[in-house]
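Bear in mind the structure is a predicted one, so any value in this text is a computation, not a measurement. Residues: numbered from 1 along the sequence shown.
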Amino acid sequence: MTQGRKSKSYSRNQPAITKSKFDEQVIQSYCNFKVTGIIEKLTEVSMTHVVHQRLIHALESLNKDMTTVAEQLNFTRTQLENALASDSLIPLSMLTKICNDAGINREYALLNRNPMLKDASSLQSNDTLKPDQKDPKDAYEEFKARLAAVIDLIPMSNTEIADVLDVSKQSVGRWPQTGQISKDYLRALCEIEGLDYDWVVTGEVNTKAAEETRKRVYASKISEIDAEITRLQELKGRLQ
């Protein structure tokens, strides 16, 4: 006995979907899919430095013409846009000139500190950071190592960092040596490179931000070690 194909049955009360209505639903679903995909893709490839993001936001908020800003730097608009789209921080002198010419508070761009316009008050704090610790000696040694790595990661000299934070160059040099730094200054250092403050203080990796910060900080140190190994291998080869 041959079994016939079962036909699908629909409830009489189920509303019929017309062709035009069906096409509309398909198109809407497709558009939603495409838009979602584009947004996710943009999120994945977005590597603009966090300081650049704040600077661009400030320029746009003040309705500054990018062509004019570029001309003041002797750049073309394309060169300026490419520089600000980079994941590497632009030179401090360049950033300072953009802020001064546009009337932007440099601390807003670099340290994420309001107000956005110039004449913001400088950092002032005597609240010295004291990381929680079970073994004070080990905890401070580990903290000092993380702090030193953070300072090394910032693409500025100690003089430039001192200028940004309105402290002496000697203070910047002492921070990783002594581990004595105020919470405000440490937060400011973290803001420059978009690092996770809690990880720098504790070393605990319990969030995605902490994990990303740990990778970035240690990646720079590993690169330095690899470069030194390569240099020593080349020196060894010449001596043999």
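Put simply, the side chain of W175 does not reach to within 4.5 Å of the side chain of Q180, judged on heavy atoms. Considering only heavy atoms from C-beta on, I56 stays 4.5 Å or farther from M66 through its side chain. Within the 4.5 Å cutoff, no side-chain heavy atoms of I104 are placed close to those of L117. Within the 4.5 Å cutoff, the side chain of M156 has heavy atoms near those of the V164 side chain. Considering only heavy atoms from C-beta on, R77 comes within 4.5 Å of D65 through its side chain. S61 is listed as a side-chain neighbour of M116, based on a closest heavy-atom distance under 4.5 Å. L165 has its side chain within reach of L189: a pair of non-hydrogen atoms, C-beta onward, lies under 4.5 Å apart. Contact check for L235 versus R238: side-chain heavy atoms found under the 4.5 Å cut-off.
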#### Entry: Evaluation steps, side chain to side chain contact (heavy atoms under 4.5 Å, CB included), between L95 and R106
CA-CA 8 Å; L95 186 143; R106 192 178 67 170; 3.6 Å; yes
### Message
Between E211 and K208, is the salt bridge (Lys or Arg N to Asp or Glu O under 4.0 Å) condition met? List the steps.
### Response
CA-CA 5 Å; E211 174 64 21; K208 183 177 180 181; over 6 Å; no
### Query
What's the verdict on side chain to side chain contact (heavy atoms under 4.5 Å, CB included) for L84 and T48, showing C-alpha distance, side-chain angles and the deciding distance?
CA-CA 7 Å; L84 294 181; T48 305; 5.9 Å; no
### Query
Could you go step by step and tell me if E191 and R187 meet the salt bridge (Lys or Arg N to Asp or Glu O under 4.0 Å) rule?
CA-CA 6 Å; E191 287 290 352; R187 287 187 186 278; over 6 Å; no
### Task
Show the numbers, then the answer: is there a side chain to side chain contact (heavy atoms under 4.5 Å, CB included) between I192 and V50?
CA-CA 8 Å; I192 294 174; V50 63; over 6 Å; no
### Message
Applying side chain to side chain contact (heavy atoms under 4.5 Å, CB included) to Q72 and L80, what does each step give before you reach the verdict?
### Response
CA-CA 11 Å; Q72 292 171 334; L80 176 60; over 6 Å; no
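Residue V51 comes nearest to H49 through the heavy atom pair N-ND1, 3.0 Å, listed as atom of the first residue, atom of the second, then distance. The nearest pair of heavy atoms linking H52 to L89 is NE2-CA, 3.6 Å. Across all non-hydrogen atoms, the minimal contact from V172 to I151 is O-CD1, 4.1 Å. For the residue pair R146 and T202, the shortest heavy atom distance occurs at NH2-C, 3.5 Å. Scanning all heavy atoms of the two residues, the minimum distance from N105 to P115 falls at ND2-O, 2.8 Å. Annotation for P155 and E193: closest pair CD-OE2, 3.2 Å, computed over non-hydrogen atoms.
For the atom pair S168 OG and D163 CG, the distance stands at 12.0 Å (nearest 0.5 Å).
Looking at E212 and K215, no side-chain N of the basic residue comes within less than 4.0 Å of a carboxylate O on the acidic one, giving no salt bridge.
Between Y218 and W199, the gap from one ring centroid to the other is short of 6.0 Å.
Listed for the R54 side chain is a donor-acceptor partner under 3.5 Å among the backbone atoms of L110.
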